[in-house]
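A, B, ... follow the sequence lines: proteins, then strands. Residue 1 opens every chain.
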2 protein chains.
Amino acid sequence: MTEDLKLNMNAYLPLRDVVFNTLREAILRGDLKPGERLMEIQLASQLGVSRTPIREAIRMLEQEGLAVTMPRKGAEVAKMTLKGMEDVLEIRAALDELACQLACERMTEEQLSRLEDKKVIFEKSLQTGNVKVIAEADVNFHDVIYDATGNPKLVNMLNNLREQIYRYRIEYLKNADNYPILIKEHEAIYQSLYNRNKDDAKEAIAIHVENQAIAVKEVIVMQG
Amino acid sequence: MTEDLKLNMNAYLPLRDVVFNTLREAILRGDLKPGERLMEIQLASQLGVSRTPIREAIRMLEQEGLAVTMPRKGAEVAKMTLKGMEDVLEIRAALDELACQLACERMTEEQLSRLEDKKVIFEKSLQTGNVKVIAEADVNFHDVIYDATGNPKLVNMLNNLREQIYRYRIEYLKNADNYPILIKEHEAIYQSLYNRNKDDAKEAIAIHVENQAIAVKEVIVMQG
DNA sequence: CCTCTGTATTTTGTATACAATATTCATTAT
DNA sequence: ATAATGAATATTGTATACAAAATACAGAGG
C-alpha cells in the first residue's frame, strides 16, 4: 500500500514494457509481496498511465510466473508454496546442468577469463556484506555460463527460473556462514569448466543448486 | 488471408483466453503461417471481438514463443529458424530426460497401465494413416509420462516446447517408413519405465528426441 | 445474536475513440 | 530512370467509457 512505484521513462519503449519491468522489479525487491493484489486502477493511477498497459503487463507477469490471475477476481503476486519451489528447483537443476555441459563444449577462452573475473568479483563482494551487491555478483557469474551456451532460449528460461527463486534466495545470502561454501562451489564450477570436464561441471552445479534448494526451502517453511 | 477463424464460445472464459486458444490452434494447425502478420483490427473483426482481448492474447502468444512483436510494427507468427529449433530441441531433450527420470521414481501402477494403453492405442493409430490422429495419440502417450512427474511447472514447460516443435513434427509423421521406429522407441520407453530403470529411460527418450530432431531439422531446411 | 438477502461499491471485462508512429505510393528533382 | 521527399493511409499505442461480475456491508427476519 505504501508503494511509491515509479516508472523508468528513460527508454523509448511501449508503456506495457516499462510497466512490466517496474512491476517485475517491485516483486523481486519485495516491495510487492506474495499474495498482494494487483489492482488495475490503483496501479494505473500510481504509475500515471491508463489501465491498458497495466493489463498487458499483468498478462506478461502471469506468463513469467510472477503473477496469478483469477477470472473476474483480478491478479495478485504469485505466492510460492514449498511444493512450487521444489518443482522450480527440480527444473532448474536439470537446466543448469545442461547449461554447464553446453558451456564446457562451447565456451571461448575469452568467456573463460570473464568467468574467472566474475568469480573473483563475487568473492570480493562477500566482504561488503551488502546482500544486493552479493546477489548481483552471483548473477553475473552465472550469466557468463548461461551466455556461453549460445542458446538464447535456454538463457531466457534460466533467467525466468532464477527470478522465481530470487526473492527467497536473498535470505540465504544474509548468512555469512554460507560464504566459504559459496566460494568453494563457484571455484569448483569454474575449475571444471576450465578443464572442460562435463561430468565434473554437472556435478559441481548440481551441488550448488542443491545447497540453494535446502536454504530456499527453509525460508519458505519459515514464512509458511 | 482466407482464414475463417471461429471462436469456441462454449466455455465461460474471459475472451482473451478464448482468443488465445483460437489463435494458438490456428498457428499449430498451420492456418496462420510463420511470418504472417497478426493485425489487431483484422483479427478483431474476424473473431467478432474488440482489439482489447486480441492484444492480450497476443501478449500471451508472445510469451509462449508462438508470436513475435516489434514495437510500433505489430505482431507476427514466430518464424522458426534452424538455429531456433536446435535450441528448443536441446532444452527439450534435457527436460524430457528429467521427466522420464522423475516418472521412474514416482509413477503409480495405475499410471503405468495407462501408459501401456496409450502405447497400444498409438500403435493402432498408425494403421489409420491419419496424421492428426497419430499426432494426438503420440501426445497422449507422452502426457502420461509428463503427468507422472507430479511437477505441473515441468509439464507446462514441456507442453510449451512441444508446441513449438509440433508444426514441423507433423511432416515426420507423414512418412510411414518411420512408424516401425516409433513403435520400437515407445516400447523401449515404456519398458524402462516399467522396470523403473532411470538410466535406460533417459537413454530411450534421448534417442526418441534425437530422431525427432533429425527429422524436424530436415523439414526446416526444406522450407528455408 | 446470527443468518440471509439485497443494494451499493469496487473491480474486472470489453469496446471504442483518439494519438502517435510506421508504411506505402505517388510525385518531383537530379 | 532512379532516388528522395512528402502526403495519404494503415496500424499500433494509449486512454477512457460502459457493462458485467464479484465483493462488502447494512438491514430485515428468524
Side-chain angles (χ1 to χ4, degrees), chain A residues 1 3 5-24 26-27 32-63 66-79, chain B residues 1 3 5-24 26-27 32-63 66-79:
Chain A
M1 277 306 145
E3 334 293 351
L5 302 175
K6 253 196 189 164
L7 293 181
N8 253 8
M9 291 299 256
N10 312 347
Y12 191 55
L13 282 172
L15 278 183
R16 61 165 173 273
D17 292 319
V18 181
V19 172
F20 170 73
N21 288 326
T22 303
L23 293 179
R24 184 175 152 281
I27 292 172
L32 290 169
K33 299 195 194 331
E36 192 164 338
R37 290 183 68 185
L38 297 172
M39 286 177 291
E40 298 172 5
I41 297 175
Q42 178 192 317
L43 290 172
S45 72
Q46 268 184 47
L47 298 177
V49 300
S50 80
R51 283 174 57 210
T52 309
I54 300 283
R55 287 177 66 82
E56 300 195 36
I58 288 175
R59 291 292 93 70
M60 295 162 82
L61 289 169
E62 203 175 349
Q63 285 290 352
L66 293 177
V68 178
T69 94
M70 284 103 87
R72 304 265 160 208
K73 177 120 184 289
E76 60 179 49
V77 178
K79 287 183 223 174
Chain B
M1 276 303 147
E3 333 293 350
L5 302 173
K6 252 194 189 165
L7 294 181
N8 253 11
M9 291 300 255
N10 312 347
Y12 191 53
L13 282 172
L15 279 185
R16 61 164 173 273
D17 292 319
V18 181
V19 172
F20 170 73
N21 288 326
T22 304
L23 294 180
R24 185 177 153 281
I27 292 171
L32 290 169
K33 301 197 192 329
E36 193 165 339
R37 291 183 66 184
L38 297 171
M39 286 176 293
E40 298 171 6
I41 297 174
Q42 178 193 317
L43 290 173
S45 72
Q46 268 185 46
L47 297 177
V49 300
S50 80
R51 282 174 59 207
T52 309
I54 301 283
R55 287 176 66 82
E56 300 195 37
I58 288 176
R59 292 290 93 72
M60 295 163 82
L61 289 170
E62 202 175 349
Q63 284 291 352
L66 293 177
V68 178
T69 95
M70 283 102 88
R72 304 266 162 208
K73 176 120 184 290
E76 60 179 51
V77 179
K79 287 183 223 173

Looking only at heavy atoms, what is the nearest atom pair of [X] and [Y], with distance?
X       : Y       : value
A:Pro14 : B:Pro71 : CG-CB, 4.0 Å
A:Ile27 : A:Leu66 : CD1-O, 3.9 Å
B:Ala78 : B:Val68 : CB-CG2, 3.9 Å

Query raised in the report: Which nucleotide of DNA chain C is the first, and which the last, in the 5' to 3' direction, to come under 4.0 Å of a heavy atom belonging to chain B?
Result: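 The protein-touched segment is C:dG13 to C:dT23.
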
Protein and nucleotides 5-7 of chain D: nitrogen or oxygen contacts under 3.5 angstrom:
none

Classify the nucleic acid contact of [X] as base, sugar-phosphate or nothing, counting any heavy atom under 4.0 Å across all strands shown.
X       : value
B:Leu38 : sugar-phosphate
A:Arg16 : sugar-phosphate
A:Ile54 : nothing

Query raised in the report: Within the distance-only criterion (no hydrogens, no angle test), does the side chain of B:Glu36 pair as donor or acceptor with the backbone N or O of B:Lys33 below 3.5 angstrom?
Result: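 Yes: the side chain of B:Glu36 pairs with the backbone of B:Lys33.
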
Query raised in the report: Is the backbone of A:Leu13 close enough, under 3.5 Å, to the side chain of A:Asp17 for a donor and an acceptor to pair up by distance?
Result: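 Absent.
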
Report task. Would you mind telling me which residue lines up with the more 5' stretch of DNA chain C, A:Lys73 or A:Thr52, judged by nearest nucleotide? Result ->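 Looking at the nearest nucleotide for each, A:Lys73 comes out on the 5' side.
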
Requested in this report: Tell me which of A:Ala75 and B:Ser50 sits closer to the 5' end of DNA chain C, going by the nucleotide each one is nearest to.
Outcome: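 Result: A:Ala75.
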
May I have the list of side-chain donor-acceptor pairs in residues 51-59 of chain A shorter than 3.5 Å, sequence neighbours left out?
{"from": "A:Arg51", "atom 1": "NE", "to": "A:Glu40", "atom 2": "OE1", "distance (Å)": "2.9"}
{"from": "A:Arg51", "atom 1": "NH2", "to": "A:Glu40", "atom 2": "OE1", "distance (Å)": "2.8"}
{"from": "A:Arg55", "atom 1": "NE", "to": "B:Glu56", "atom 2": "OE2", "distance (Å)": "2.9"}
{"from": "A:Arg55", "atom 1": "NH1", "to": "A:Glu40", "atom 2": "OE1", "distance (Å)": "3.3"}
{"from": "A:Arg55", "atom 1": "NH1", "to": "A:Glu40", "atom 2": "OE2", "distance (Å)": "2.8"}
{"from": "A:Arg55", "atom 1": "NH2", "to": "B:Glu56", "atom 2": "OE2", "distance (Å)": "2.9"}
{"from": "A:Glu56", "atom 1": "OE1", "to": "B:Arg59", "atom 2": "NH1", "distance (Å)": "2.4"}
{"from": "A:Glu56", "atom 1": "OE2", "to": "B:Arg55", "atom 2": "NE", "distance (Å)": "2.8"}
{"from": "A:Glu56", "atom 1": "OE2", "to": "B:Arg55", "atom 2": "NH2", "distance (Å)": "2.9"}
{"from": "A:Arg59", "atom 1": "NE", "to": "A:Glu62", "atom 2": "OE1", "distance (Å)": "2.9"}
{"from": "A:Arg59", "atom 1": "NH1", "to": "B:Glu56", "atom 2": "OE1", "distance (Å)": "2.4"}

When the distance from [atom1] of [X] to [atom2] of [N] is rounded to whole Å, what number comes out?
X       : N      : atom1 : atom2 : result
B:Gln42 : D:dA10 : CD    : P     : 13 Å
B:Glu76 : D:dT11 : CD    : P     : 14 Å
A:Arg55 : D:dG13 : CZ    : P     : 16 Å
A:Met70 : D:dT23 : CE    : C1'   : 13 Å
B:Leu15 : D:dA21 : CG    : P     : 12 Å

Report task. Mind checking side-chain contact (heavy atoms from CB on, under 4.5 Å) for A:Ala67 and listing every partner two or more places apart, or none if nothing turns up? Result ->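 Here the qualifying residues are A:Leu38, A:Leu61.
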
Report task. Quick one: list whatever passes side-chain contact (heavy atoms from CB on, under 4.5 Å) with A:Lys73, sequence neighbours left out. Result ->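 Applying side-chain contact (heavy atoms from CB on, under 4.5 Å) to A:Lys73 gives A:Met70.
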
Requested in this report: Would you kindly compare A:Arg37 and B:Thr69 by the position of their nearest DNA chain D nucleotide and give the one closer to the 5′ end?
Outcome: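 Nearest nucleotide further toward 5': that of B:Thr69.
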
Report task. Output the distance between atom CG (A:Leu23) and atom CG (A:Leu43), rounded to the nearest 0.5 Å. Result ->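 Separation between the atoms: 6.0 Å.
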
